[in-house]
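Below: one structure, written as structure tokens.
FYI, side chains are in, hydrogens and waters are out, and symmetry mates aren't considered; it's all heavy atoms of this structure.
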Amino acid sequence: MKQVVVVGGSAAGLAAAETLRREGYEGTITLIGDEPYHPYDRPPLSKQILGGQWEPDRVPLRAPADLDALGLDLRLGVAATGLDLAGRTVALADGARVPYEGLVIATGVRPRRLPGDGNGEGNGEGNGEGNGDGGGRAHVLRTLDDALALRDRLGPGRRLAVVGAGFLGAEAAAVARGLGTEVTLLEPAPVPLAPAVGERVGRVLAQAHHDHGVDLRTGVMVAELADGGVRLADGTLVEADEVLVAIGSVPNTGWLEGSGLTLGDGLECDEYSAAAPDVYGAGDVARWHNPLFGTAMRIEHRTNATEQGMVVARNLLRPDERRPFAPVPYFWSDQYDLRIQAHGHLRGHEEVAIVEGALEERKFLAVYRSGDRVAGVLAVGMPPKAIRTWRQAVATRAAWRDTVGELMPEGA
């Protein structure tokens, strides 16, 4: 193999390229990214960058010298527009066609938008048109430019409406309040994050917003972006100087339409993260079968992107020694003074047990059951040792009865 193409210039794509070199691959690696920047870290965008603690020079994943040492054929600021599986070429927006013998697809996701936001969703690799410039469009928070544009409009005397109280919306709301912004947080579910973390844990996280002065409104539907804010389904206008839409994302697979690859909720891959012979998916765009949990999943977390990028590079180089990608997913979130960490597959859980600490103190460890197995663990303000112990229970698919014992579980 002499020519590998990696489409996607973020954490998963960079991890794949680095692993190829680390494993001894000496051929050409073409790294394609639709943003003009070198690969950078995204979690700080809704935290340190939005809050002003960091400037853009802190987010690159590698120093320029380290990136140069990889000897990459970098194609930045140009999106992939098509894939010819039979001809083994990737088409780019600038008209170029890049041949490959091995292909890693790591094109991530783009944010969903509201009706009335004239930007649309686009179908490229990145989020298409950016976040808007105050000209009647809502902000989104996916790229460095998105974070900087929103940061410039926050502060005392400003009003921000955040649509969606998932982890991204909650983090942004917390940062905005820390900057003195008046924040209204709008969520259609009765309890934010309940499908993922359970109702009792969701209420604890919601209360933190109330305690910090956020106007959290649950059970409300946003109908559209409107002049001066957003309009709810009942006709109410929520006034705001700026609007951040955090209602989920769409896998960037539009450029793969008609390629012959299977597309659904992302690029469909097998347990090895393979989508076709010599074609692999990695990161937020990939939906693969995780044999540890016996189910297909698509995960939008930074750690997963890096781990999957490494695995697909090794599987691509050594097809006779391929290994399934069977991780224990991990994510974290910082909201006010709360450090939230979770391991495992929490969605679809059937029971939750608080095994250490107390919810009312916002210092606790919650364990999640699916079937008769420990499926996940979520910790708020707990020491690493306690978290590691329960992560191991998730990794070994420990029996719920044997590990949780007689503790009183919460009905999910």
(message) Side chains of Tyr100 and Asp278 only: does a donor on one sit below 3.5 Å from an acceptor on the other?
(response) no
(request) Could you grab the distance from atom CG of Asp337 to atom CZ of Arg362, nearest 0.5 Å is fine? (result) 7.5 Å
(request) Determine yes or no for a side-chain-to-main-chain donor-acceptor pair under 3.5 angstrom, with Glu239 supplying the side chain and Gly229 the backbone. (result) no
(message) I'd like to know if the side chain of Tyr25 reaches the main chain of Thr28, judged simply by a donor and an acceptor atom lying under 3.5 Å from each other, with no hydrogens or angles considered.
(response) yes
(message) For Ser259, give me all partners under side chain to side chain contact (heavy atoms under 4.5 Å, CB included), at least two apart in sequence or on another chain.
(response) Leu83, Leu256, Leu261
(message) So, taking the atom named CZ in Arg158 and the one named CG in Asp241, what distance separates them when rounded to the nearest 0.5 Å?
(response) 4.0 Å
(request) Give a yes or no on whether the backbone of Val204 and the side-chain of Arg200 come within a donor-acceptor separation of less than 3.5 Å. (result) no
(request) Go through the steps to decide whether Val285 and Val109 satisfy the test side-chain contact (heavy atoms from CB on, under 4.5 Å), and finish with yes or no. (result) CA-CA 6 Å; Val285 73; Val109 295; 5.7 Å; no
(message) Main chain of Val380, side chain of Arg339: is a donor-acceptor contact present, judged purely on distance under 3.5 Å?
(response) no
(request) Identify, with sequence neighbours excluded, every residue that meets side chain to side chain contact (heavy atoms under 4.5 Å, CB included) alongside Glu361. (result) Ala358
(message) Using only atom types and a distance under 3.5 Å, with no angle test, would you say the side chain of Asp117 pairs donor to acceptor with the backbone of Arg113?
(response) no
(request) Verify, without hydrogens or angle tests, whether Arg97 (side chain) and Thr89 (backbone) share a donor-acceptor contact under 3.5 angstrom. (result) no
(message) Under the rule for side chain to side chain contact (heavy atoms under 4.5 Å, CB included), what residues qualify as partners of Leu92, not counting sequence neighbours?
(response) Ile32, Arg75, Val78, Ala80, Val90, Asp94, Ala96, Val98
Which atom pairs, one a donor and one an acceptor, fall under 3.5 Å between side chains of residues 323-333 and the rest of the protein, sequence neighbours left out?
from   : atom 1 : to     : atom 2 : distance (Å)
Tyr330 : OH     : Gln341 : OE1    : 2.9
Ser333 : OG     : Glu171 : OE2    : 2.8
Ser333 : OG     : Gln335 : NE2    : 3.1

(request) May I ask you to check whether over 12 heavy atoms, not counting those of Met1, lie within 6.0 Å of atom CE? (result) yes
(request) Please check if any side-chain donor atom of Thr107 sits under 3.5 Å from a side-chain acceptor atom of Asn252, or the reverse. (result) no
(request) Give a yes or no on whether the backbone of Val374 and the side-chain of Arg397 come within a donor-acceptor separation of less than 3.5 Å. (result) yes
(request) Could you tell me whether the side chain of Thr389 and the main chain of Lys385 form a donor-acceptor pair under 3.5 Å? (result) yes
(request) Evaluate the side-chain hydrogen bond (donor to acceptor under 3.5 Å, both in side chains) criterion for residues Thr236 and Asp234: first the C-alpha distance (whole Å), next the side-chain angles of each, then the deciding distance (0.1 Å), finally the verdict. (result) CA-CA 6 Å; Thr236 301; Asp234 65 4; 2.9 Å; yes
(message) Tell me if a side-chain donor or acceptor on Arg153 pairs with a main-chain N or O of Glu242 at a distance below 3.5 Å.
(response) no
(request) Please determine, by modelled atom types, if Arg373 and Tyr368 share a side-chain donor-acceptor pair under 3.5 angstrom. (result) no
(message) According to ring-ring contact (aromatic ring centres under 6.0 Å, His included), does anything in residues 185-220 pair up with another residue at least two apart or in another chain? List the pairs.
(response) His209-Tyr336, His212-Tyr336
(message) The criterion is side chain to side chain contact (heavy atoms under 4.5 Å, CB included); which residues satisfy it with Val59, sequence neighbours excluded?
(response) Tyr40, Pro44, Ile49, Trp54, Leu144
(message) Between Ser249 and Arg110, do the side chains contain a donor N or O and an acceptor N or O under 3.5 Å apart?
(response) no
(request) Classify the side-chain pair Arg177/Thr181 by whether it contains a donor and acceptor separated by less than 3.5 Å. (result) no
(request) Using the side-chain contact (heavy atoms from CB on, under 4.5 Å) rule, take Leu50 and Leu150 through it: C-alpha gap first, then chi angles, then the decisive distance, then the call. (result) CA-CA 7 Å; Leu50 189 61; Leu150 179 57; 3.8 Å; yes
(request) Say whether, by atom type as modelled, one donor and one acceptor occur between the side chain of Arg42 and the main chain of Arg142 under 3.5 angstrom. (result) yes
